[in-house]
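Just below is one structure, and these are the notes that go with it.
In the text below, chain A, chain B and the rest are named by the order of the sequence lines, each starting its count at 1.
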Amino acid sequence: MQKVRTRIAPSPTGDPHVGTAYIALFNRCFAKQNEGEFILRIEDTDQARSTAKSEQDIFAALRWLGVDWSEGPDVGGPFGPYRQSQRSSLYQEQIEVLLDSGHAFHCFCTAQRLTDLRNQQMADKTTPGYDGHCLHLSKEEIAQKLADEQEYVIRMQVPAEGECRFEDMLRGEIAINWQQIDMQVLMKSDGLPTYHFANVVDDHFMEISHVIRGEEWINSTPKHLLLYQYFGWQAPVFCHMPLLRNPDKSKLSKRKNPTSINYYRDMGYLPEAVVNYLGMMGWTMPDGRELFTIDEMTDNFDLMRVSLGGPVFDVEKLDWLNGKYIRERLSDTQFMQLFAQWAFDEQKMAQIIPLLKDRVERFSDVVPLAGFFLSGLPEISAESFVHKQLNEEQMRKILQFTLWQLENGTDLSRDAVEQECVRLAAYCGFKIRDFLFPLFVAITGKAVSTSVIDAISIIGIDVSRARIRAAIGILGGISKKETKTLEKDFRDFAQSAE
RNA sequence: GUCCCCUUCGUCUAGAGGCCUAGGACACCUGGUUUUCAUCCAGGCAACAGGGGUUCGAAACCCCUAGGGGACGCCA
C-alpha cells in the first residue's frame with residue numbers, strides 16, 4: 001500500500017489563520033495515525049501578497065499549537081524545495097508537457113476583454129467563464145504574438161460536455177458538469193503558476209496520498225482531477241472538511257470573529273486548549289471525552305468520524321475549555337511560569353517600560369497605569385465615552401476609520417500609527433487630541449493613560465481590533481446603512497491620500 | 001443567477017434501521033458548598049427543518065421542498 005502523506009499548504013498572505021491550523025491538525029492526525037508523514041508547503045505564487053513575515057508567523061503559530069511537520073521549507077526533506085516560489089523550473093517543465101499534448105494553450109486576451117466578457121455573461125445570466133477566444137489560434141499566430149512579446153497566460157482545456165465524477169472520502173460521489181468548469185489559467189502572465197496548477201504538480205511530485213482540505217475546494221476538484229488525467233498521474237484521495245463558521249454561519253472571517261492564531265496567544269489562551277478546541281470542531285473522541293491532547297487525538301483519530309455540518313467557532317466554549325485546562329492541568333508552578341512568560345515577554349516589556357517610567361512614582365503605580373496591556377478587553381461602558389466635543393456617532397466613525405486604516409497598512413510601528421492617526425484626524429476635521437479620545441478609552445480603558453499610539457503598536461493588531469470593535473459595540477454599534485456611508489467616506493479618504 | 005455541499009437542543013456534538021419517551025458538553029435558569037465572587041456539586045430548560053416514500057419498525061435509507069453555506073479571479 002502507498003504510504004500516507006498529507007500536507008497543509010498555506011499561502012503566506014496574512015495572519016496565521018485558525019482555519020489553517022484546523023485543517024493542518026486533521027491532516028497531521030490522519031497522517032500520523034497511519035504512520036505516514038505530514039508536510040508543510042508554502043504556496044507563495046501570489047507575488048504581490050506573499051510576505052516572509054507572514055510565512056514566519058505561520059510557522060510560529062502552528063508550532064505554538066503543537067501542530068508540527070516532518071518536511072517543510074524550514075526543516076527540509078527529500079521532496080524539496082517546499083516553497084513554490086523556488087520550484088518555478090518544475091512548473092515550466094510541466095506546462096510544456098501540457099502545451100505539447102494540446103491540453104493547454106496560450107491566451108493573449110487582455111484583462112479588459114475578460115472583464116467585459118464576464119460582465120456580459122453576468123448580464124445574460126449565464127455561467128461566467130472564458131469563451132475560448134484564443135483556443136483556435138494557429139501555431140504561426142501564436143509564434144508571432146510571442147515574438148512580439150505580447151503578454152499571455154496559459155489556460156487548460158476543459159471538456160465541453162459530460163460530467164466529472166469523483167469520490168470524496170466523507171461525502172461519497174460528487175458529480176459536476178464540465179460546463180461549469182472554466183478554462184482555468186495555469187500560468188500567469190508573470191510566469192508563475194496559479195494555485196490549481198502548482199498544487200497538482202506539487203502534490204504529485206511530493207507524493208501526497210490524501211488531500212484533506214476545506215470544502216471551498218470541492219468545485220475546483222474537477223480541474224485538479226483533469227490535470228492528473230492529462231499528466232497520466234495517479235490522483236490522491238480527496239477529503240473535503242467542513243468550513244469553520246462565524247456565529248451567523250458564514251465562513252469564518254476576521255470581520256466577525258478573531259481568526260488570527262496570534263489573537264488567541266495574545267489573549268492568554270493555552271495552545272493545548274486551542275488545539276483541543278479545534279479538534280472538537282466536527283470531530284469527537286470515540287468515548288466522548290472533551291478534554292484531549294493532540295497526541296490523544298492522534299491515537300484515537302478516525303477521519304470517518306468527521307461530521308459535515310459547518311461548526312460555529314464558539315469563543316465561549318473555548319473560554320470554558322481554556323479555564324478547565326488552567327484549573328485542572330496546570331500546577332501552581334506551571335501557572336506561574338507560563339503566566340510570567342506570557343505577561344513579561346521581554347521584547348514587549350522593553351517597549352512598555354519607557355512609557356511607564358516617566359509616569360510612576362512607585363512600583364505600586366504600575367498596575368493601575370499599565371494593567372491594560374495585559375487585560376483582554378478593558379471594562380468600559382457608555383459613560384466612559386462621555387465627551388464635550390464628540391458625540392457617539394463621531395466616535396464610532398473615528399474608531400472604525402482607525403481600525404480600517406490599521407488593517408490596511410502592514411506597518412504597525414508607533415510612527416506609522418501616529419502618522420495615520422494625524423492624517424485621519426485632519427481628514428475628518430477633528431483636533432488630534434479629540435480624535436484620540438475614543439481610542440484612549442477603547443484601547444486603554446481610560447481617557448488618560450500612556451500614549452495610545454504606542455499602546456496600539458505594542459498590543460498588536462489582533463487585540464487592538466478586538467478592543468476597538470468592542471468599543472464600537474458599546475457606542476451603539478454601526479448599522480448596515482451607517483457602514484455603507486462610512487465605507488464610501490473612507491474610500492474618499494484613501495483616495496485623497498494618493 | 002448557475003452549480004456544488006450541508007441540515008439533531010441557541011452553540012459543539014452522540015447517533016451506522018429497533019438499545020431513542022434522542023445521550024453528553026457549553027451557554028442559560030434553580031438549589032447546595034464557599035466570608036463575597038468564581039470554582040465545585042446536584043437539578044432544570046432545550047433539538048431530529050418540512051412533506052412524501054421504503055420498512056413490521058426510521059433521527060438514521062430514497063425523493064421533493066425549504067433554509068443555510070460555498071464556488072463561479074492572471075487569490076489561495
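Counting heavy atoms from C-beta on, the side chains of A/Gln92 and A/Ile95 come closer than 4.5 Å. The shortest distance between side-chain heavy atoms of A/His204 and A/Phe231 does not fall below 4.5 Å.
Judged by Watson-Crick or G-U wobble contacts below 3.5 Å, the nucleotide B/A25 has B/U11 as its partner. With a cut-off of 3.5 Å on both Watson-Crick or G-U wobble distances, the partner of B/C72 is given as B/G1. Judged by Watson-Crick or G-U wobble contacts below 3.5 Å, the nucleotide B/G31 has B/C41 as its partner.
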Assign a letter to each nucleotide of nucleotides 66-76 of chain B from its 5' end: B, base within under 4.0 Å of a protein heavy atom; S, sugar-phosphate only; -, no contact. --SSBSSSBBB
Its contact letters, B for base, S for sugar-phosphate only and - for none at protein heavy atoms under 4.0 Å, make nucleotides 36-41 of chain B read ---SS-
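The distance from atom CZ of A/Arg289 to atom C1' of B/C12 is 17 Å, rounded to the nearest whole Å. B/C4 atom P lies 18 Å from atom CZ of A/Phe238, rounded to whole Å. Following rounding to the nearest Å, A/Ile176 (CD1) and B/C3 (P) show an atom-to-atom distance of 12 Å. Following rounding to the nearest Å, A/Met169 (CE) and B/C5 (C1') show an atom-to-atom distance of 18 Å. One interatomic measurement links the two molecules: CG of A/Asn177 to P of B/C3, which rounds to 9 Å at whole-angstrom precision. Between the CG atom of A/Leu244 and the C1' atom of B/C6 there is a distance of 15 Å, rounded to whole Å. Rounded to whole Å, the distance from CG on A/Asp168 to P on B/C4 is 15 Å. Straight-line distance from the CD atom of A/Glu161 to the P atom of B/C3: 17 Å, rounded to whole Å.
The stretch residues 266-286 of chain A touches RNA chain B through A/Met280, A/Met281, A/Gly282, A/Thr284, each having a heavy atom under 4.0 angstrom from the strand. Taken residue by residue, residues 301-313 of chain A places heavy atoms nearer than 4.0 Å to RNA chain B at A/Arg305, A/Ser307, A/Leu308, A/Gly309, A/Gly310, A/Pro311, A/Val312. Of the residues in residues 18-29 of chain A, not one comes within less than 4.0 Å of RNA chain B through any heavy atom.
No engagement by A/Leu318 is indicated, since no non-hydrogen atom pair under 4.0 Å with the nucleic acid exists. Among the atoms of the strands shown, only primed sugar atoms or phosphate atoms (P, OP1, OP2) are found under 4.0 Å from some heavy atom of A/Ala175.
Between A/Phe166 and A/His240, the angle of the ring planes goes over 60°, which puts this pair in the perpendicular group of the 30/60° scheme. Taking the six-membered ring for Trp and thresholds of 30 and 60 degrees, A/Phe339 and A/Phe344 have ring planes more than 60 degrees apart, a perpendicular arrangement.
Between the side chains of A/Asn199 and A/Arg7, at least one donor N or O lies within less than 3.5 Å of an accepting N or O. A side-chain donor-acceptor contact under 3.5 Å links A/Tyr91 and A/Asp202.
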Below 3.5 Å is the cut-off: list the nitrogen or oxygen pairs between protein and nucleotides 61-65 of chain B, distance only.
none

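Proximity of the aromatic rings of A/Trp217 and A/Tyr195 is defined here by a centroid distance below 6.0 angstrom, and this criterion is met.
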